[in-house]
Amino acid sequence: MAELATLARPYANAIFEVAKAEDRLDLWSRSLAILVRTLHEPEVRPLIASPIHSPAKKAITLTDILGDQISESMRRFVLVLAENRRLELLPEIREGFEAKLEEEQRTLTVEVTTAVDLTNEEKKRFTDTLRQRFQRDISLATEVDSTVLGGALIRAGDTVLDGTVRGKLEKLRNQMQRA
C-alpha cells in the first residue's frame, strides 16, 4: 500500500499544481471522486485490468463513460495515466490530492469511531477539541462500530488516537508485560 502511495504522489502533486493554477481545486476534487467511483464499477474494472486493450483505448473508454462530467484537462490526465500504465493508482492519487487540498485550505478530515451515535453536542465538543489540537478547521466524520466497547477511535491523517476501552486495556497489558 505504501508503494502505491509513493508511486501516486508525483501525479497527485502535479495535478494539484495544475488545479491550483487553474483556480479549479474543487472541480478537480469532484472529478477525481467521479473517476475513482467509475473505476470501481463492475463493468469498468475488467476493461482497465485487461492486457488486450491499449492504454489509449482504456483512457478513451473511461473518459467517454464520464462524458461532460470531467474537464478537458482531466481527460488529458487520464490519458497520461493510461499511457504510463498507472490508471490503477487513481484512488491513491485522489487521496494525495485531497490531502494537499486539506493542507491548502487548512482543514483536516477526522474520522471518529464510537460504539453509539454521537449527539450533536458531543460532535461539537470533538470538533472544538480537535480544532485546538490540530490548529485547523475540522471536518468530522463519525462512524458507529458495535465492536468498540466504549470510548472513541480517532483518525486524523496519519495520526490515530485510540481512546477506546479495548485500546486502553491493550496499553495497560503491554505496560504490565514490560514491568
Side-chain angles (χ1 to χ4, degrees), residues 1-41 44-45 48 55 58-60 62-114 118 120-145 152-163:
M1 185 79 164
E3 183 179 314
L4 293 178
T6 301
L7 292 171
R9 189 173 300 116
Y11 293 102
N13 291 342
I15 63 169
F16 183 82
E17 292 306 319
V18 168
K20 188 174 177 181
E22 292 177 349
D23 195 26
R24 300 178 95 184
L25 289 168
D26 289 340
L27 176 67
W28 276 79
S29 178
R30 284 190 305 274
S31 295
L32 282 168
I34 292 167
L35 268 170
V36 169
R37 222 177 13 256
T38 304
L39 203 61
H40 287 100
E41 291 291 328
V44 176
R45 264 186 270 151
I48 301 303
K58 292 176 183 182
I60 290 167
L62 185 57
T63 56
D64 284 350
I65 290 169
L66 296 170
D68 62 355
Q69 294 182 69
I70 59 173
S71 67
E72 190 56 39
S73 297
M74 182 62 78
R75 288 178 189 284
R76 288 192 302 273
F77 176 65
V78 170
L79 183 60
V80 167
L81 285 178
E83 288 173 349
N84 291 319
R85 301 189 190 297
R86 297 290 192 232
L87 281 174
E88 73 280 355
L89 291 178
L90 268 167
E92 288 77 15
I93 292 169
R94 178 176 181 244
E95 284 178 21
F97 182 92
E98 292 300 322
K100 288 194 70 67
L101 181 60
E102 285 184 346
E103 188 177 307
E104 175 79 12
Q105 296 174 339
R106 301 276 311 144
T107 61
L108 181 63
T109 299
V110 178
E111 299 169 8
V112 177
T113 305
T114 56
L118 295 175
N120 287 338
E121 180 59 34
E122 290 168 327
K123 289 177 186 178
K124 184 180 179 337
R125 278 195 310 241
F126 266 111
T127 302
D128 292 344
T129 302
L130 292 167
R131 183 180 300 119
Q132 286 179 332
R133 178 178 179 132
F134 293 107
Q135 297 296 304
R136 291 184 170 192
D137 287 333
I138 301 297
S139 173
L140 194 67
T142 60
E143 180 182 340
V144 175
D145 182 350
L153 180 64
I154 301 168
R155 289 184 187 88
D158 293 337
T159 303
V160 177
L161 305 171
D162 190 348

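It should be emphasised that the depicted structure is a prediction, and the values quoted were computed from it without experimental measurement.
Residue Thr142 holds its OG1 atom at 12.0 Å from CD1 of Ile154, rounded to the nearest 0.5 Å. To the nearest 0.5 Å, the span separating CD on Glu111 from OG on Ser139 amounts to 10.0 Å. With rounding to the nearest 0.5 angstrom, the CG atom of Leu39 is 10.0 Å from the CG atom of Leu81. Residue Thr6 holds its OG1 atom at 10.5 Å from CG of Leu89, rounded to the nearest 0.5 Å. Rounding to the nearest 0.5 Å gives a distance of 5.5 Å between CG of Leu108 and CD of Glu102. To the nearest 0.5 Å, the span separating CG on Leu7 from CZ on Arg86 amounts to 5.0 Å.
Take Glu41 and apply the side-chain hydrogen bond (donor to acceptor under 3.5 Å, both in side chains) test, not counting sequence neighbours, and it matches no residue. For the side-chain hydrogen bond (donor to acceptor under 3.5 Å, both in side chains) test, residues two or more places apart in sequence or in another chain that qualify with Ser73 are Glu22, Arg76. Among residues two or more places apart in sequence or in another chain, the salt bridge (Lys or Arg N to Asp or Glu O under 4.0 Å) test is passed with Asp162 by none. Under the side-chain contact (heavy atoms from CB on, under 4.5 Å) criterion, Arg45 pairs with Pro42, sequence neighbours left out. Scored by the side-chain contact (heavy atoms from CB on, under 4.5 Å) test, Thr63 finds Ile70, Arg75, Val78 as partners (sequence neighbours excluded). By the salt bridge (Lys or Arg N to Asp or Glu O under 4.0 Å) test, Glu104 is found to be paired with Lys20, residues two or more places apart in sequence or in another chain being considered. Residues meeting the side-chain hydrogen bond (donor to acceptor under 3.5 Å, both in side chains) test with Glu122, sequence neighbours left out: Thr119. Under the side-chain contact (heavy atoms from CB on, under 4.5 Å) criterion, Thr113 pairs with Glu143, Asp145, Val148, Leu153, Arg155, sequence neighbours left out. Under the side-chain contact (heavy atoms from CB on, under 4.5 Å) criterion, Pro55 pairs with Ala82, Arg85, sequence neighbours left out. Not counting sequence neighbours, Glu17 has no partner by the side-chain hydrogen bond (donor to acceptor under 3.5 Å, both in side chains) test.
When every heavy atom of Gln135 is checked against every heavy atom of Arg106, the shortest pair comes out as O-NH2, 2.6 Å. Residues Val36 and His40 share a closest heavy-atom pair of O-ND1, 2.7 Å. For the residue pair Ala33 and Arg94, the shortest heavy atom distance occurs at CA-NE, 3.4 Å.
Sorted by first and then second residue, the pairs that involve residues 64-106 and meet ring-ring contact (aromatic ring centres under 6.0 Å, His included), not counting sequence neighbours, are Phe16-Phe97.
Panel note: side chain Ser29, backbone Leu25; no donor-acceptor pair is recorded below 3.5 Å.
Within 6.0 Å of CG on Asp64 lie more than 12 heavy atoms contributed by other residues, nucleotides or ligands.
Considering Thr38, Leu32, Ile48 as possible partners of Leu90, the one that fulfils the side chain to side chain contact (heavy atoms under 4.5 Å, CB included) test is Leu32.
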Exercise for review: Evaluate the criterion side-chain contact (heavy atoms from CB on, under 4.5 Å) for residue pair Thr129 and Arg133; output intermediate values, then yes/no.
Suggested key: CA-CA 6 Å; Thr129 302; Arg133 178 178 179 132; 5.6 Å; no
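In this structure, Asp26 does not pair ionically with Arg30, as no charged nitrogen and carboxylate oxygen lie closer than 4.0 Å. We find that Asp128 and Arg131 are joined by a salt bridge, their nearest charged nitrogen and carboxylate oxygen being less than 4.0 Å apart.
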